[in-house]
Amino acid sequence: MKRFTILFSTLLILGFAGVMVYVGMLPEFVPPAGLAGEGEAPDAPIWDMTMDEVLAEIAAQGLVDDPSAAISLASDGVCTDARKISGAEFYWWDLDNLQEGSQEETAYKSLKAEGFINLYGNGHIVSPVPNGPFALLLDFYEGDSGALEQAFRAVGQAE
């Protein structure tokens, strides 16, 4: 019985390794790009910007109200800082101080890998637009959401 268990375990391991090699060699396989999302340069200035700088740049384009009118939102367990302005919600993660295994880290990694955040793990799904350590939720935005999304994606991406 012991020999059978060892032989079966070895075959399972070899089978799993074979499947992984096969999937990795498929032409459709795209390796993960780390924490930078689609269209995001990992060395772009957005990674060093603050929430105030991002809001000021968006406000300068006339897409949201004055940043001093932004409302701070509860962000514990989701992100480091969250603000609502003109109905749009902006999220920011302090990547240098994220604790390993925290809800904030889980939310950030989920956003980058899967494109959504499962708020507090309770099944309430939101799909904000990511840009570096920031995200934008347009569900309640009062203006042209397409223009705001395009402007947000461009913030800090070009030097």
Side-chain angles (χ1 to χ4, degrees), residues 1-51 53-55 57-58 63 73-84 87-141 144-159:
M1 185 69 175
K2 189 174 185 180
R3 262 191 259 179
F4 176 75
T5 303
I6 292 172
L7 180 63
F8 185 71
S9 297
T10 304
L11 287 175
L12 280 176
I13 291 170
L14 289 175
F16 179 74
V19 168
M20 296 303 288
V21 168
Y22 172 75
V23 169
M25 294 177 70
L26 287 174
E28 297 89 15
F29 178 72
V30 179
L35 292 179
E38 182 181 331
E40 296 177 355
D43 57 347
I46 188 72
W47 297 96
D48 298 320
M49 294 177 76
T50 65
M51 176 71 86
E53 291 171 335
V54 170
L55 291 178
E57 193 165 325
I58 297 290
L63 295 168
L73 301 174
S75 60
D76 288 345
V78 177
C79 60
T80 307
D81 187 15
R83 299 190 197 167
K84 186 172 190 172
E89 296 179 8
F90 292 85
Y91 304 104
W92 173 70
W93 287 267
D94 182 4
L95 300 179
D96 294 332
N97 296 311
L98 271 184
Q99 293 181 357
E100 188 74 28
S102 67
Q103 287 181 324
E104 289 88 359
E105 181 196 41
T106 302
Y108 181 74
K109 286 184 175 183
S110 171
L111 174 64
K112 291 299 185 175
E114 300 166 13
F116 63 85
I117 298 172
N118 181 355
L119 293 178
Y120 309 109
N122 70 1
H124 183 80
I125 305 294
V126 294
S127 298
V129 177
N131 185 2
F134 294 90
L136 167 67
L137 185 64
L138 294 163
D139 290 355
F140 304 107
Y141 180 57
D144 181 4
S145 59
L148 179 57
E149 179 179 343
Q150 184 178 17
F152 176 73
R153 286 184 186 272
V155 170
Q157 290 298 325
E159 293 185 344

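No hydrogens, no waters, no symmetry mates; every other heavy atom, side chains included, goes into these values.
With a 4.5 Å cut-off on side-chain heavy atoms, L95 and Y108 count as touching.
Across P128 and A135, no two heavy atoms sit closer than the pair CB-CB, 3.8 Å. Nearest heavy-atom pair across N131 and R153 is ND2-O, 3.5 Å. Closest approach of P133 and W47 over heavy atoms only: CD-CE3, 3.5 Å. Smallest separation of non-hydrogen atoms from R83 and L73: C-CD1, 4.0 Å. Closest non-hydrogen pair, I46 versus V155, comes out as CD1-O, 3.5 Å.
The OG1 atom of T50 sits 8.5 Å away from the CG atom of L55 when rounded to the nearest 0.5 Å. A distance of 7.5 Å separates CZ of F134 from CD of E53, quoted to the nearest 0.5 Å. One distance of note links CG of L148 with CG of L138; it measures 5.5 Å at 0.5 Å rounding.
Here E100 pairs with E105, K109 under the side-chain contact (heavy atoms from CB on, under 4.5 Å) rule; sequence neighbours left out. A search for side-chain contact (heavy atoms from CB on, under 4.5 Å) contacts involving T10 returns I6, L14, not counting sequence neighbours.
Not a single donor-acceptor pair under 3.5 Å links the side chain of S127 to the backbone N or O of F116. A donor-acceptor pair under 3.5 Å is absent between the side-chain atoms of D81 and the main chain of M51, judged by distance alone. The backbone N or O of A107 sits nowhere less than 3.5 Å from a side-chain atom of K112 that would complete a donor-acceptor pair.
Ring pair Y91/W93 is tilted by interplanar angle, where 30° to 60° counts as tilted.
With a 6.0 Å radius and a threshold of 12 heavy atoms from other residues, nucleotides or ligands, E114 has its CD atom above the threshold.
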Report task. Give the intermediate values and the outcome of side-chain contact (heavy atoms from CB on, under 4.5 Å) for residues Y141 and L63. Result -> CA-CA 10 Å; Y141 180 57; L63 295 168; 3.9 Å; yes
